[in-house]
Chemist: 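Before I ask anything, let me first share the structure, which is written out below as structure tokens.
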Protein chains: 2
Amino acid sequence: MNAAEETTGEDTPWGEVNPEAARRLLVAAVDAFAERGYHATTTRDIAGRAGMSPAALYIHFKTKEELLHRISKIGHERALYVLDSEADRDGTAAERLAGAVRSFVRWHAERHTTARVVQYELDALGEEHRTEIVALRRRSDAVVRRIIGEGVRDGEFDVPDVPGTTLAVLSLCIDVARWFNAQGSRTPDEVGELYADLVLRMVGARAASGQK
Amino acid sequence: MNAAEETTGEDTPWGEVNPEAARRLLVAAVDAFAERGYHATTTRDIAGRAGMSPAALYIHFKTKEELLHRISKIGHERALYVLDSEADRDGTAAERLAGAVRSFVRWHAERHTTARVVQYELDALGEEHRTEIVALRRRSDAVVRRIIGEGVRDGEFDVPDVPGTTLAVLSLCIDVARWFNAQGSRTPDEVGELYADLVLRMVGARAASGQK
DNA sequence: ACAACCCCTAAGCGCTTGCTCAGGTTCGGG
DNA sequence: CCCGAACCTGAGCAAGCGCTTAGGGGTTGT
């Protein structure tokens, strides 16, 4: 009924999480999980970072695991959206693959705290939640595999092992979340550019954007 | 004084860990850490897997963290050794790079439980131990960077960004520990072969091992 | 025979963990 | 002016944590 949302919800990083207090807790949890890992983070630490008492957490989330689940789900959906929207453009397979890798990597670098939680705390989820998330991840795999497959079909790419190469491409992108450091010398854009080029080489793209 | 070691110490996976009871505990810890992560693993769980009481652990190791440190140190040394011995062969830069990647990846796949602990539990180490391990990791980086640099110098490779490409190559190899599954369809040898080929493409190797 | 030694266990200590609950504050609507 | 809903806190519980301690068996050297 209330038509005015407290915060927009689509462009802001965690805008879909309401009310504001819940969002503060969730952001605090992302930071803490990324820094120390899920199991090494206490609910007191999360509440403390959000400027609340430990009990406040349980008004907005049933358990600590639900917090992780919401982070993981939203994070995966965002990453998949980023990948998908580049894959759906039109253009050669090489252009679409480069675009997808560039955006996906940039997302992992820019949002590397979120990405770290999303990519490396899967095992901390409960059975049910984990299988839900794994399904989302399979869709990322399918997106990349499709582009590579089309490139091969059109004679643009030279790839002996499509599933294997797909795996390697995604693995390369995901691992950015592990090593990327905001204080480091590379910007997310630079890393995205570098990785897009490397991936085009991996698939043996004939004419990388025209000629060469 | 006792000249006969209980176990040889060089070829067996954890042969250098003595006495046998300590090795059993350490192997149990590797399994547990790889499965659940360091912080989610209890000392009771480790001792239980080794068939001992919780107190037995503290006869052989001062703390739970010391266990992780010994695992991490030995693991890094082994991985570095694998990388180094391929890099020191003679041959073209492409041959050496391919050999190094093949062996390094094979190690991460075969020993993926150990590798997972080694690569993803660095933050759980204490300040002092972590800086010691980080030094070892920098040496791996130097090894790969040297080969790529030599390949560029000799005109074998076409690499615009040597440090960046080095980072990507190592990142690709390391991430094998995360996704590799012994029940999966690929053998460690196959993954090593695939990755060696992909890396040669990344560096724009002119003549990949002569012809083909 | 027996003391010295190593390796192990049963019991448990002090502390932190995830989580609960009774109660208090704030605020819009009747 | 008061009500009920939404939100938060202080205090604390049961369980589980890393680790310690006292002591018991087996093997060894003398």
Side-chain angles (χ1 to χ4, degrees), chain A residues 1-7 17-33 35-72 117 121 123-129, chain B residues 1-7 17-30 32-33 35-72 117 121 123-127 129:
Chain A
M1 286 309 162
N2 102 347
E5 297 179 79
E6 307 208 14
T7 10
V17 181
N18 274 317
E20 193 245 348
R23 183 171 47 249
R24 272 196 355 253
L25 284 163
L26 192 135
V27 169
V30 170
D31 288 346
F33 291 163
E35 222 171 86
R36 311 222 238 281
Y38 176 80
H39 288 293
T41 300
T42 68
T43 55
R44 284 164 235 265
D45 182 23
I46 297 169
R49 287 181 193 234
M52 300 182 197
S53 81
L57 200 151
Y58 293 90
I59 293 162
H60 301 282
F61 304 94
K62 275 209 300 285
T63 62
K64 180 182 163 191
E65 195 264 354
E66 188 194 317
L67 249 175
L68 177 62
H69 175 233
R70 291 206 62 182
I71 293 167
S72 196
V117 179
E121 301 290 353
D123 297 339
L125 288 168
E127 184 71 30
E128 233 171 279
H129 287 157
Chain B
M1 286 309 160
N2 103 346
E5 296 179 81
E6 307 209 13
T7 11
V17 181
N18 275 316
E20 192 243 347
R23 183 170 49 248
R24 270 193 2 248
L25 284 162
L26 191 137
V27 169
V30 169
F33 291 164
E35 221 170 86
R36 311 222 237 282
Y38 175 81
H39 288 294
T41 300
T42 69
T43 55
R44 285 164 235 265
D45 182 22
I46 298 169
R49 288 182 193 233
M52 299 182 199
S53 83
L57 200 153
Y58 293 89
I59 294 161
H60 301 283
F61 304 93
K62 275 210 299 285
T63 63
K64 180 183 163 191
E65 195 263 357
E66 188 194 315
L67 248 176
L68 177 62
H69 175 233
R70 293 206 60 181
I71 293 167
S72 196
V117 179
E121 300 291 352
D123 296 339
L125 287 168
E127 183 73 31
H129 287 157

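Quick note on labels: first sequence line is chain A, next is B, and so on, each numbered from 1.
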Chemist: Relative to the 5' end of DNA chain C, which residue comes earlier, A:Lys64 or B:Ala22, by the nucleotide with the nearest heavy atom?
Modeler: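 Looking at DNA chain C, the more 5' nearest nucleotide goes with B:Ala22.
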
Chemist: Between D:dC7, C:dG18, C:dA10, which one does the side chain of A:Pro19 approach most closely?
Modeler: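 Closest nucleotide among those given: D:dC7.
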
Chemist: What integer distance in Å separates B:Glu65:CD from D:dC17:P?
Modeler: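 Checked: the CD to P distance equals 19 Å.
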
Chemist: So that I can tick it off, tell me whether A:Arg24 and A:Glu20 are bridged by a salt bridge, with the cut-off set at under 4.0 angstrom between side-chain N and carboxylate O.
Modeler: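 Between A:Arg24 and A:Glu20 there is a salt bridge, with a charged N closer than 4.0 Å to a carboxylate O.
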
Chemist: For B:Thr41, does its backbone N or O pair with a side-chain atom of B:Lys64 as donor and acceptor, under 3.5 Å?
Modeler: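 Yes, the answer is positive, given that a donor and an acceptor are paired below the 3.5 Å cut-off.
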
Chemist: Quick one: CG on B:Leu67 to NZ on B:Lys62, what's the gap to the nearest 0.5 Å?
Modeler: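 Those atoms lie 12.0 Å apart.
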
Chemist: Report the nucleotide, chosen from C:dC19, D:dG10, C:dC8, that has the shortest atom-to-atom distance to any side-chain atom of A:Pro54.
Modeler: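 Per side-chain heavy atoms of A:Pro54, the pick is C:dC19.
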
Chemist: Taking only N and O in the side chain of B:Tyr58, is any of them less than 4.0 Å away from OP1 or OP2 of D:dC19?
Modeler: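 True: B:Tyr58 side-chain N/O within range (under 4.0 Å) of D:dC19 OP1/OP2.
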
Chemist: By nearest atom, which of the nucleotides D:dT21, C:dC21, D:dC19 is closest to the A:Ala55 side chain?
Modeler: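 Nearest to the side-chain atoms of A:Ala55, counting from C-beta on, is C:dC21.
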
Chemist: Answer yes or no: side-chain N or O of A:Arg44 and base N or O of C:dG18 forming a donor-acceptor pair under 3.5 Å.
Modeler: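 In this structure, the two groups form a donor-acceptor pair.
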
Chemist: Starting at CG of B:Asp45 and ending at C1' of D:dG16, how long is that distance when rounded to a whole Å?
Modeler: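 Interatomic distance, CG of B:Asp45 to C1' of D:dG16: 13 Å.
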
Chemist: Measuring to OP1 and OP2 of C:dG18, would you say a side-chain N or O of A:Thr43 lies under 4.0 angstrom away?
Modeler: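 Answer yes for this pair, as a side-chain N or O of A:Thr43 is under 4.0 Å from OP1 or OP2.
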
Chemist: C:dT17 phosphate, OP1 or OP2: any side-chain N/O from A:His39 under 4.0 angstrom?
Modeler: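 A:His39 to C:dT17 OP1/OP2: no side-chain N or O under 4.0 Å.
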
Chemist: Whole angstroms only, please: what is the CE-C1' distance between B:Met52 and C:dC6?
Modeler: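 Answer to the nearest Å: 13 Å.
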
Chemist: Take atom CZ of A:Phe61 and atom P of C:dG18, then tell me their distance rounded to the nearest Å.
Modeler: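 In whole Å, C:dG18 P lies 15 Å from A:Phe61 CZ.
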
Chemist: A:Arg23 CZ to D:dC7 C1': how many Å, rounded?
Modeler: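 Rounded to whole Å, this separation is 16 Å.
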
Chemist: Between A:Ala40 and B:Gly51, who's closer to the 5' end of DNA chain C by nearest nucleotide?
Modeler: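 On the 5' side of the pair lies B:Gly51.
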
Chemist: What is the distance from atom CZ of A:Arg36 to atom CG of A:Asp31, rounded to the nearest 0.5 Å?
Modeler: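 So the gap between those two atoms works out to 10.5 Å.
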
Chemist: If I take atom CG in residue B:Leu57 and atom C1' in nucleotide C:dC7, what distance separates them, rounded to the nearest angstrom?
Modeler: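 Going from CG in B:Leu57 over to C1' in C:dC7 covers 14 Å.
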
Chemist: Nearest 0.5 angstrom please: B:Leu25 CG to B:Ile46 CD1, how far?
Modeler: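 The CG atom of B:Leu25 sits 8.0 Å away from the CD1 atom of B:Ile46.
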
Chemist: Between D:dG10, C:dT9, C:dG18, spot the one nearest the side chain of A:Thr42, thanks.
Modeler: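 The nucleotide sitting nearest to the side chain is C:dG18.
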
Chemist: Without decimals, in angstroms, what is the distance between A:Ile59 CD1 and C:dC19 P?
Modeler: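 Those two atoms, CD1 and P, are 14 Å apart.
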
Chemist: Give the rounded distance in Å between these two atoms: CD of A:Glu20 and C1' of D:dA6.
Modeler: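 Those two atoms, CD and C1', are 14 Å apart.
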
